[in-house]
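Heads up, the thing below is written out as structure tokens.
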Amino acid sequence: MTRIAHVTRRGARYVFRRRIHFQNIISRPLALALQTADPFVARQRAAILSARFAVVKSSVRRMLGQGTALTGPQIEALFRQELESELRAIVDFAFSDGAWADEALVIASDDRVKYSFLRSPDRHRPEFVELALGLFPDEMVTQRLAGVGASTGSSNIAVARTHLIRARAVAGAKIQNLYDDEAMDAPDPIAVLMGEFDDPSQATLPLSTTAVVPAENIQTSQDLRECKFDYYDERRFSEIIEEVAADLKTEGIWSGKLDQQRRIMRTFAWITGDRELGSYTHRDVAAFKKALLKLPKRFKFGTPQKGAMSRPFDQIARGLASGKSGEPRSKKTVNRDLSTMSTVGKHLEQTAWKPKIEGSKVMNFAGATIGIKEGKSTELRPVWTKEHLRCLFSSPIFTGGGAGKKRLKNSEHSPRVWHDAAYFAPLLWYYTHACREEICGIEIADVFADAPVPFIWIRNNKTRGVDGELAGEKRPARRREIPIHPELIRLGFLEYVEKIRRDGHTEVFPELYLQKSKRGGAQFYYRAWTHMVDWIEDRMPIPIDENGKKTDIHSIRALGSSFYEVEGVNPIMRADLMGHEREGTNARHYSKRVDAEGLSVVLSERLQMLCRYVPVITEHLNAAPIRLLPLSDRSRVGSGRPRKARSDAGASRS
């Protein structure tokens, strides 16, 4: 038979194909499956579509020129199309074998709340406008308007977006009846759920009911409905974890060992069923967030080969739901995982997760983060007091004790002060207000003893990095010069640094970097800090917050910052000393005192600030000659508590 105009064949089936050439849609191919392999039926349907195509195209051209407002039938067509599309997507999700299929209605209900905000009188608030534009970009709404023959002027785009939002909100309500007998017993549950919107006689402008995609991207009907991306990537998420980690490290976005980032990506793959990349949708973001909130605080993830991750997530979730799972996961930790996946999502938007509709956002992890109201309950840890640290600085570590693991015990024979991280790190935290890793990871090259005002330069270095890379700065403001307090100089810190330099070390505290498993602050915490806290707690109560958290090393920094909560403190100097971001346009962009006056002047002013506001609580300590234990024994202070007496039974057995 002769060729059918505007019709091609895909396999044994016929497809109607035309191109449209309107203002914002340049030569876009329109492909409609005719759902038949019979050439006579295809010819008849193609003739009907060609006529309808000409009518719609003429109407759209006229409306584009006149800027005609949306008509009732056009609004109804937009609304019905979006309602049916959203209902079908949720039903497909609910009837699938996905990890979160049983949560489909709950997710839809949560989405309904979001859409209800976007259709409320408050929808013009900036945060709501931003969310609405992310869900329904102008390009997407323009295509919908063109599909129903409506004007694509800016006013119509805004109106149409509201109607699409209304439809999704209604879908979230109607889908709650999915498991009613009336819907479940029907051949097509969607027809029942549509209710008053499913009258076939009201189905206007049928041209818009079929997805418009480039012919080269035509796949199965399932792919067309579910794939939200420019192309369907068949790789599973777990297959690209190492590739993403390497790319983000090369680009300088991530640094270090990336163990945490890899674990978070594996967790996402585990929770979502490790599906093909092209099958992911925005619902997986909600499912990931909900799953993280179900996991307890100290949940052991394991690996895909061993532990929890080696079993389907559904099994683990049921186990957590049936028993006491322990303390809930911190919302800040959930936000950290979502933030990590947001970085991954942005990277994949260049390739596998590039949205089909330009400017839209499919995997919006950042938008799923939880708002946390700041208050006492959100403080990281309670703060130390001067009395607590004065107690610590009165321990045998600082006044003289035994060697090795007897540093916290008074030695009857030749008590001595030994110099290492156990001695200097707490002093440095108190007199510099620096963070745990900033002090534990400083290098010899970071200590400038010969400057007019001796100082420590907190910056990226190889000690705080891995594999020879420079790392350590949490954010740019953390790079700063801190003057060395006179008490640190009096107690021999500069002499200690010189001794370590002559011994050929790069790190100021080399004993904290002897092994790979625990490095820097983690090594110090387990070797020395826990015993120091016990020493203080045995002599006076230590602060504990309402969640049972005790003060830790970072609480010394909080104490230091509190010294400046008095009148007359320069906020710029305080921010620079603490490594905080400056506040205000003048402070961020115009205050350039280091450039104008020189670093020595600024360091002198910072030193005056330290000496004025930070109380000296070590005046009782005598400067001792620098003494070093063997490297493997440094900072192993041991417990200051007496050994428990053995029972009689235990003594008799011995």
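Worth knowing before you read on, the calculation uses all heavy atoms, side chains too, and leaves out hydrogens, waters and symmetry mates.
The shortest side-chain heavy-atom distance between Arg574 and Met609 falls under the 4.5 Å cut-off. Residues Arg480 and Leu577 fail the side-chain proximity criterion, which asks for heavy atoms closer than 4.5 Å. Looking at Ile458 and Thr432, their side chains never come closer than 4.5 Å, going by heavy atoms from C-beta outward. The shortest distance between side-chain heavy atoms of Asn364 and Val285 does not fall below 4.5 Å. Between Gln261 and Ile264 there is no side-chain heavy-atom pair separated by less than 4.5 Å. For the pair Asp633 and Trp418, the minimum side-chain heavy-atom distance is 4.5 Å or more. The closest side-chain heavy-atom distance from Trp254 to Thr340 is below 4.5 Å. Contact check for Ile240 versus Leu348: side-chain heavy atoms found under the 4.5 Å cut-off.
Counting only distance, with no hydrogens or angles, the side chain of Glu437 and the backbone of Gly521 share a donor-acceptor pair below 3.5 Å. Of the possible donor and acceptor atoms, none in the side chain of Arg478 sits under 3.5 Å from a partner among the backbone N and O of Glu438. Between the side chain of Asn461 and the backbone N or O of Gly441, at least one donor-acceptor pair lies under 3.5 Å. At distances below 3.5 Å, not a single donor-acceptor pair connects side-chain atoms of Thr369 with backbone N or O atoms of Asn335. Using modelled atom types, no side-chain atom of Arg464 and backbone atom of Asn460 make a donor-acceptor pair closer than 3.5 Å. Checking side-chain atoms of Arg606 against main-chain N and O of Pro483 turns up no donor-acceptor pair under 3.5 Å. Of the possible donor and acceptor atoms, one in the side chain of Trp353 sits under 3.5 Å from a partner among the backbone N and O of Leu277. Ser561 places no side-chain N or O within donor-acceptor distance of the main-chain N or O of Ala558, the cut-off being under 3.5 Å. One N or O on the side chain of Ser394 and one on the backbone of Arg390 form a donor-acceptor pair closer than 3.5 Å. A distance-only check finds no donor-acceptor pair linking the side chain of Ser604 to the backbone of Val601 [under 3.5 Å].
The 12-atom threshold is not exceeded at CD of Glu583, counting heavy atoms of other residues, nucleotides or ligands nearer than 6.0 Å. Annotation for Arg612: atom CZ does not count as buried by contact number, only 12 or fewer foreign heavy atoms lying within 6.0 Å. Within a 6.0 Å sphere centred on CG of Asp450, other residues, nucleotides and ligands contribute 12 heavy atoms or fewer. Within 6.0 Å of the NZ atom in Lys346, the count of heavy atoms belonging to other residues, nucleotides or ligands does not exceed 12. With a 6.0 Å radius and a threshold of 12 heavy atoms from other residues, nucleotides or ligands, Lys249 has its NZ atom above the threshold. Around CZ of Phe393, the count of heavy atoms belonging to other residues, nucleotides or ligands within 6.0 Å exceeds 12.
To the nearest 0.5 Å, the span separating SG on Cys440 from OH on Tyr513 amounts to 6.0 Å. In this structure, CD in Glu537 is found 4.0 Å from CD1 in Ile542, a value given to the nearest 0.5 Å. Note that OG of Ser639 is 6.5 Å distant from NZ of Lys409, once rounded to the nearest 0.5 Å. Atom CD of residue Glu239 and atom CG of residue Asp274 lie 7.5 Å apart, to the nearest 0.5 angstrom. Atoms NE2 and OH, on His419 and Tyr496 in that order, are 9.5 Å from each other to the nearest 0.5 Å. A distance of 10.0 Å separates CG of Leu488 from CZ of Arg490, quoted to the nearest 0.5 Å.
Taking all atoms of both residues into account, the shortest heavy-atom contact from Phe398 to Leu621 is O-CD2, 3.6 Å. For the pair Leu514 and Ser632, the tightest heavy-atom approach, listed with the atom from each and the gap, is CD1-CA, 4.1 Å. The two atoms that bring Leu512 and Gln523 nearest to each other are O-CB, 3.8 Å, heavy atoms only. Summarising the geometry of Glu487 relative to Val616, their closest heavy-atom pair is CG-CG1, 3.6 Å, with the distance given to 0.1 Å. Between Val417 and Thr399, the closest heavy-atom pair is CG2-C, 3.8 Å. Taking every heavy atom of both residues into account, Pro615 and Lys386 meet most closely at CG-CD, 3.4 Å.
Each of Phe455, Phe493, Tyr431 was evaluated against His485; a single residue qualifies, Tyr431, per the ring-ring contact (aromatic ring centres under 6.0 Å, His included) test. Among Arg266, Arg329, Lys289, the one residue that satisfies the salt bridge (charged side-chain N to carboxylate O under 4.0 Å, His left out) test with Asp337 is Arg329. Evaluated for a side chain to side chain donor-acceptor pair (under 3.5 Å) with Ser635, the options Glu511, Arg527, Arg407 yield exactly one hit, Glu511.
The aromatic rings of Tyr564 and His433 lie perpendicular to each other, with more than 60° between the two planes, well past the 30° mark. Note: Trp457 and Phe448 have tilted aromatic rings, judged against thresholds of 30 and 60 degrees for the angle between ring planes.
Checked against a 6.0 Å centroid threshold, the rings of Phe524 and Trp429 count as neighbours. Aromatic pair Tyr613/Phe563: ring centres not closer than 6.0 Å.
No salt bridge links Lys499 with Glu495; every basic N to acidic carboxylate O contact stays at or beyond 4.0 Å.
Scored by the salt bridge (charged side-chain N to carboxylate O under 4.0 Å, His left out) test, Arg475 finds no partners at all (sequence neighbours excluded).
Under the 6.0 Å distance and 45° angle rule, Arg263 counts as a cation-pi partner of Phe301.
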**OP:** Step by step, work out the side chain to side chain contact (heavy atoms under 4.5 Å, CB included) result for Asp576 and Arg582.
**Re:** CA-CA 8 Å; Asp576 290 347; Arg582 294 181 176 186; 2.7 Å; yes

Original post:
Run the ring pair (Phe, Tyr, Trp, His ring centres under 6.0 Å) check on Tyr280 and Phe288 step by step: do they pass?
Top reply: CA-CA 12 Å; Tyr280 280 90; Phe288 179 57; over 10 Å; no

Original post:
What do the steps show when you test Ile617 against Tyr430 for side chain to side chain contact (heavy atoms under 4.5 Å, CB included), and what is the final call?
Top reply: CA-CA 10 Å; Ile617 59 175; Tyr430 179 79; 3.6 Å; yes

Original post:
Would Asp552 and Ser555 satisfy side chain to side chain contact (heavy atoms under 4.5 Å, CB included), going step by step from the backbone distance to the final call?
Top reply: CA-CA 5 Å; Asp552 63 1; Ser555 302; 3.2 Å; yes

Original post:
Taking it one step at a time, do Ser310 and Gln305 satisfy side chain to side chain contact (heavy atoms under 4.5 Å, CB included)?
Top reply: CA-CA 5 Å; Ser310 64; Gln305 293 75 37; 5.9 Å; no

